[in-house]
Amino acid sequence: MACALVFNRRLTKTSVCLLSLLLSYVGYCALFHADPLMPPVSGDPAPSCNRRLPADGSCASPPPSAVEASRVKAAGGPPSIALHARSDTPSPPMGHPKFGNKKLPNAIIVGVKKGGTRAVLEFIRIHPDVRAAGTETHFFDRHYDRGFEWYRASMPRTLEGQLTMEKTPSYFVTKETPHRIAAMSRDTKLIVVVRDPVTRAISDYTQTLSKTPDLPSFQELAFRNQTLGLVDASWNAIRIGLYALHLENWLRYFPLAQIHFVSGERLITDPAGELARVQDFLGLKRIVTDKHFYFNRTKGFPCLKKPESSGSPRCLGKSKGRTHVQIDRDAIEQLRDFYRPFNVKFYEMVGHDFKWE
């Protein structure tokens, strides 16, 4: 109609149509308060998706204001859907259970009982790149029939770049274990904590005696005939100390370079030095150093210094450092004679003299 009226006044048809469109546009802006020709005010988010996009490529919405959040809460909406995390909200700690994945271990402390395995585990797990199962899983010697998924589920969650570990000291003397670990991964790194086999056997007996007070004497169990010096190698406390024989079984499945031996004696006198070598073996940066340790004279072995988040230092349990049962000197010398050829062979196999004399 506007076109017709203006056309009667001899304006061109094109001019009339343009004027009509302009008037319609002004009316639309007046009705809907639109301001499309004005640039966004500084500080207001632009309507377009000009922010960093999330991984799925969708447009990221701005975080709600406090008022909006309270409205959603009052309406009963689920926070996980209705609310977006604010950029200034602190992230949960790295050890938070929702982070990381459970993986089969990269390294295992496989032995030996009463050698110092618990100390090595507690010392190495303060490294930020190590996560370790707190309890002995006994997967490869007792629970192998449960399968690797059960084993994986017993591991802690780890982040990318972190090492998963566990320790079960009976693995070293269990015949089937090397083959089973190799079936999991031939790249698994193995740690063996060894100790003077005579001292280890006495410590083993002392622990058992604390749980079974009516146990026969050490000499009765250690010897078939002490007068003749015949040692009973079938007794588990004696058998464990035959390191050379057990190592032969492991070398059928793993190269020596993949097995690291920790000295139980040096772990007491120089824990930082032993842990430095363990970290090197595992390919870790040397973070656990002498600043982490102090020597507990009451217990007779090193403890971890008090962490900032704790009110007391971390020492091993009451069962660690207990006084050994007194054994007759002659019995000790007979056991040393028995172990000597096995020790010499072990030194030759690993290329190190542990000086157990």
Side-chain angles (χ1 to χ4, degrees), residues 110-120 136 169-175 192-249 261-271 274 295-303 315-350 352-357:
V110 297
V112 298
K113 180 184 179 184
K114 305 308 294 180
T117 58
R118 172 56 62 179
V120 172
E136 297 174 7
S170 57
Y171 287 164
F172 189 66
V173 299
T174 304
K175 184 178 180 180
V192 185
V193 190
V194 290
R195 183 183 185 184
D196 181 334
V198 176
T199 306
R200 198 221 65 81
I202 296 172
S203 178
D204 197 338
Y205 174 79
T206 301
Q207 182 183 53
T208 306
L209 185 65
S210 68
K211 301 174 182 178
T212 313
D214 58 346
L215 198 67
S217 70
F218 179 86
Q219 285 89 330
E220 289 179 73
L221 295 171
F223 295 93
R224 287 184 291 157
N225 187 322
Q226 187 176 357
T227 304
L228 299 177
L230 298 177
V231 176
D232 188 355
S234 66
W235 183 35
N236 199 49
I238 297 296
R239 186 177 67 89
I240 290 174
L242 303 175
Y243 304 140
L245 298 184
H246 303 305
L247 181 57
E248 286 179 343
N249 186 33
F261 298 91
V262 176
S263 167
E265 287 79 19
R266 285 201 306 265
L267 190 62
I268 295 174
T269 60
D270 182 22
E274 285 301 296
F295 189 79
N296 186 313
R297 296 188 180 278
T298 302
K299 284 184 167 291
F301 56 75
C303 297
C315 283
L316 301 181
K318 294 180 181 179
S319 64
K320 310 299 180 181
R322 61 162 62 94
T323 303
H324 289 176
V325 173
Q326 292 298 312
I327 305 299
D328 179 76
R329 173 55 56 183
D330 290 338
I332 291 177
E333 290 303 320
Q334 288 173 309
L335 287 175
R336 293 204 180 282
D337 291 340
F338 167 76
Y339 278 119
R340 188 170 290 111
F342 295 100
N343 291 344
V344 171
K345 184 177 181 180
F346 180 66
Y347 300 162
E348 293 173 350
M349 293 174 73
V350 303
H352 181 79
D353 185 349
F354 289 88
K355 302 184 183 302
W356 293 323
E357 291 296 338

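All figures in this text were calculated on a predicted structure; none of them were measured in a lab.
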So [Y] and [X], do their side chains get closer than 4.5 Å, heavy atoms only?
| X | Y | answer |
| --- | --- | --- |
| Phe354 | Asp196 | no |
| Lys113 | Gln207 | yes |
| Val350 | Val194 | no |
| Arg239 | Ser234 | no |
| Gln219 | Gln334 | no |
| Val192 | Val112 | yes |
| Met349 | Tyr243 | no |
| Asp337 | Val231 | no |

Between [atom1] on residue [X] and [atom2] on residue [Y], distance to nearest 0.5 Å:
| X | Y | atom1 | atom2 | answer |
| --- | --- | --- | --- | --- |
| Arg340 | Trp356 | CZ | CH2 | 13.5 Å |
| Ile238 | Leu335 | CD1 | CG | 5.0 Å |
| Asn343 | Arg336 | CG | CZ | 9.0 Å |
| Ile327 | Ser217 | CD1 | OG | 8.0 Å |
| Lys114 | Thr206 | NZ | OG1 | 8.5 Å |
| His324 | Tyr205 | NE2 | OH | 13.0 Å |

> Going by the angle between their ring planes, with limits at 30° and 60°, are Phe338 and Phe342 parallel, tilted or perpendicular?
Replying inline: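 Rings of Phe338 and Phe342: tilted, as their planes differ by 30° to 60°.
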>> Holding to salt bridge (Lys or Arg N to Asp or Glu O under 4.0 Å), I want the full list of residues that pass it with Glu136, two or more places apart in sequence or in another chain.
In response: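 Counting only residues at least two positions away or on another chain, Glu136 forms a salt bridge (Lys or Arg N to Asp or Glu O under 4.0 Å) with Lys167.
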> By salt bridge (Lys or Arg N to Asp or Glu O under 4.0 Å), which residues pair with Glu348, not counting sequence neighbours?
Replying inline: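 By the salt bridge (Lys or Arg N to Asp or Glu O under 4.0 Å) rule, Glu348 matches no residue at all.
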> Short question: side chain of Thr212, backbone of Leu215 - any donor-acceptor pair under 3.5 Å?
Replying inline: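 A pair under 3.5 Å: no.
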> Counting N and O atoms only, with roles assigned by atom type, does the side chain of Thr174 sit under 3.5 Å from a partner on the main chain of Ser170, one being a donor and the other an acceptor?
Replying inline: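 Indeed, once roles are kept as given, a pair shorter than 3.5 Å links the two residues.
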>> For the aromatic rings, using the six-membered ring if either is Trp, is the centroid distance between Trp235 and Phe218 under 6.0 Å?
In response: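 Ring-ring flag for Trp235/Phe218: true, centres closer than 6.0 Å.
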> When the aromatic ring centroids of Phe346 and Phe261 are compared, is their separation below 6.0 Å?
Replying inline: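 Ring centroids of Phe346 and Phe261 are less than 6.0 Å from each other.
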If you compare all heavy atoms of [X] against all heavy atoms of [Y], which two are closest, and at what distance to 0.1 Å?
| X | Y | answer |
| --- | --- | --- |
| Gly111 | Phe172 | CA-CB, 3.9 Å |
| Ala237 | Asp204 | CA-OD2, 3.9 Å |
| His246 | Val173 | NE2-CG1, 3.6 Å |
| Glu274 | Ser263 | OE1-N, 3.2 Å |
| Ala233 | Leu242 | CB-CD1, 4.5 Å |
| Arg200 | Gly241 | NE-N, 4.4 Å |

>> Per the salt bridge (Lys or Arg N to Asp or Glu O under 4.0 Å) rule, what does the pair list look like for residues 214-235, sequence neighbours excluded?
In response: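 For residues 214-235: none.
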